[in-house]
Amino acid sequence: MKTLMLGNEAVARGLFEAGCSFVSSYPGTPSTEITEAIAKYPEVYAEWAPNEKVAMEAAFGASLAGKRSFCGMKHVGLNVAADPLFTISYTGVNGGMVICVADDAGMHSSQNEQDSRHYARAAKIPMLEPADSAEALAMARLAYDLSEQYDTPVLLKMCTRVSHSQSVVECGQRTEVSKTYEKTPAKYIMMPGNAKRRHPIVEQRTAALTEWAETADINRLEDGPDKSMGIITSSTSYQYVKEVCGDRYPVLKLGMVWPMPVQKIRDLAARVDRLVVVEELDSFIEAHCRDLGLQVTGKDRFSCIDELSQNKVAAGLDKPVAQGKKLDETIPARPPVMCAGCPHRGLFYTLAKNKVTAMGDIGCYTLGAVPPLGALDSTVCMGASIPNLHGFTKAGGGKAVAVIGDSTFMHSGMTGLVNVAYNESNSTVIIVDNSITGMTGHQQNPTTGFNLKGDPCTKIDLETLCRAVGIRRVRVVDPYDLDQCDRALKEELAADEPSVIISRRPCALLKYVKHKKPVTIDPAKCMSCKMCMKIGCPAISMTDGKAAVDNTLCTGCGVCGQLCKFGAISAAKED
């Protein structure tokens, strides 16, 4: 059966067909839909883990038991999971184990655009890289065969364009695969004596995979009549090359980007006048070619910054650039903002009003950094806000707080809070609890009381947890109540001990949230002071010098009305 599928859906289908039985992931754009899609197959157990490290370790446990397993994450998530990754490379697997990492060149939804191919080389693990949905399905299946044949976890590298684009795939049938577990201490217990004996096995495995890469179908040479140039490429860069050049030049399309073939590349180089590597971000393939002693063109023509495009590839290859139709007017910038009715808005307004230094974290509340709120001072990585605050406070940086979401707190915030309690810094941590994992598309987390499939499950009580790690001052506020937020912030900053404020109200976009009617504005009372504009709500604007509300956006939260000193904004009467 042929059908259109997103790249992420195709990966999930490939996992299913290959007999994957266990999936553990942490949501992160652009990888999230893989796990959401695989969870729809009843034959597969699927879960959201608290973070990527836990997900990978759980997937390894399932592999150890003899089941084919999977864990998925975005590129920065692989940083979190790097610890088990490097050691699992030594232990190898029992049941096949596939790890998907989805890169985000162009930083559509990320704090950096690192190149995950370096992890494959550093951890000495094979990496496959599909260029469309059909290859995503096929390579997900192939990855399990390689995993079990070469006794290794296998990295499957996706990127935003392949993950979120659709192309035709042909679905197959599921094959059930399972092995028995046998106790093998020398293989799986990585104490130094055993690890020393495993390292040579890893090197032998890399050599064997390099030999396999020479004849593998996924590393294919597409010949062309013009030998003035030969191109080596992979992933979405391959699509751009074909759109720009068609079948004119020989193209070596790499489906396995680590380890890479040697002789196959040398053979191509010998047949063409010059060798060009077209790849996104770092000079990974190019460096491999240079290590082989080949003269190659790459990053001198293609930037290591941002994603590529047809026009960028055309320019780098000295080909005509497609000319699009130019607009007569400049399109105004549309910076991302928190949604109308977002429960974080009132809290961030309170922080900005009190001129408090705020260490931010990863999530939709990062948008609190955007004007007019401008309430954040730093955002580094998942869970960093609390340790950042601890160091800032210990260094005498002044009154400051950490702001972290409920899902992010469960991901990697708890250990930071333990550090605050243990080392007794006078730090105030604000957990913005919107009852969901917001920015990645409303996934459940350990604080929501529901699992990946929407079934009721254990709900972690944040107040109890914070007290259990040694925080005595724990209080809950409603972020729609500005006076309550202001009072709580001032009291906790004045306290001479660590404290936690939980700002609790569900995300305004959740289906079960019932909104009030839009607020009403009396133009006669509006003095055009623009105080209501200071919260940055997209439902409020100035029209003809007066505040106006967009009834299609307003959720009736009432935060704006608390700012109006003239009583111009009032709640609508409910039926």
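Positions are given from 1 along the sequence.
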More than 12 non-hydrogen atoms from neighbouring residues, nucleotides or ligands closer than 6.0 Å to [atom1] on [X], yes or no?
X: Glu182; atom1: CD; value: no
X: Asp226; atom1: CG; value: yes
X: Glu43; atom1: CD; value: yes
X: Asp217; atom1: CG; value: no

Is there a donor-acceptor pair closer than 3.5 Å between any side-chain N or O of [X] and the backbone N or O of [Y]?
X: Tyr365; Y: Gly405; answer: yes
X: Ser165; Y: Arg161; answer: yes
X: Lys264; Y: Leu221; answer: no

Do [X] and [Y] come within less than 4.5 Å of each other through their side chains, counting heavy atoms only?
X: Pro446; Y: Trp48; answer: no
X: Leu254; Y: Glu129; answer: no
X: Val11; Y: Met158; answer: yes
X: Leu292; Y: Val262; answer: yes

Which heavy atom of [X] sits nearest a heavy atom of [Y], and at what distance?
X: Leu78; Y: Tyr119; value: CD2-CD1, 3.5 Å
X: Asn94; Y: Glu148; value: O-CG, 4.1 Å
X: Arg117; Y: Asp282; value: NH2-O, 3.0 Å
X: Ser235; Y: Cys159; value: OG-SG, 3.7 Å
X: Asn219; Y: Pro261; value: ND2-CD, 3.8 Å
X: Val257; Y: Phe284; value: O-CE2, 3.2 Å

Charged N-O contact under 4.0 Å between [X] and [Y]:
X: Lys74; Y: Asp103; answer: no
X: Asp145; Y: Arg68; answer: yes
X: Glu17; Y: Arg141; answer: yes
X: Glu279; Y: Lys299; answer: no
X: Lys312; Y: Glu307; answer: no
X: Arg198; Y: Asp151; answer: yes
X: Lys253; Y: Glu135; answer: yes
X: Glu9; Y: Arg13; answer: no

When rounded to the nearest 0.5 angstrom, what distance separates [atom1] in [X] from [atom2] in [Y]?
X: Ser110; Y: Met107; atom1: OG; atom2: CE; value: 8.5 Å
X: Asp115; Y: Cys304; atom1: CG; atom2: SG; value: 10.0 Å
X: Arg274; Y: Ile231; atom1: CZ; atom2: CD1; value: 8.5 Å
X: Asp83; Y: Glu52; atom1: CG; atom2: CD; value: 13.5 Å

### Task
Apply side-chain hydrogen bond (donor to acceptor under 3.5 Å, both in side chains) to the pair Glu203 and Thr206, showing each step before the final yes or no.
CA-CA 5 Å; Glu203 300 301 336; Thr206 300; 4.9 Å; no
### Message
Between Arg220 and Leu252, is the side chain to side chain contact (heavy atoms under 4.5 Å, CB included) condition met? List the steps.
### Response
CA-CA 6 Å; Arg220 67 177 184 266; Leu252 177 56; over 6 Å; no
### CA sep, side-chain torsions, deciding dist, call: Ser412, Asn51, side-chain hydrogen bond (donor to acceptor under 3.5 Å, both in side chains)
CA-CA 7 Å; Ser412 48; Asn51 64 33; 5.9 Å; no
### Task
For the residue pair Tyr150 and Trp212, categorise the inter-ring angle as parallel (less than 30°), tilted (30 to 60°) or perpendicular (more than 60°).
perpendicular
### Message
Applying side-chain hydrogen bond (donor to acceptor under 3.5 Å, both in side chains) to Asn311 and Ser309, what does each step give before you reach the verdict?
### Response
CA-CA 5 Å; Asn311 283 353; Ser309 65; 5.7 Å; no
### Query
Quick one: ring pair (Phe, Tyr, Trp, His ring centres under 6.0 Å) pairs with a partner in residues 56-109, sequence neighbours left out?
Tyr90-His199
### Task
If a pair satisfies salt bridge (charged side-chain N to carboxylate O under 4.0 Å, His left out) and one of its residues is in residues 27-41, list it, with sequence neighbours excluded.
none
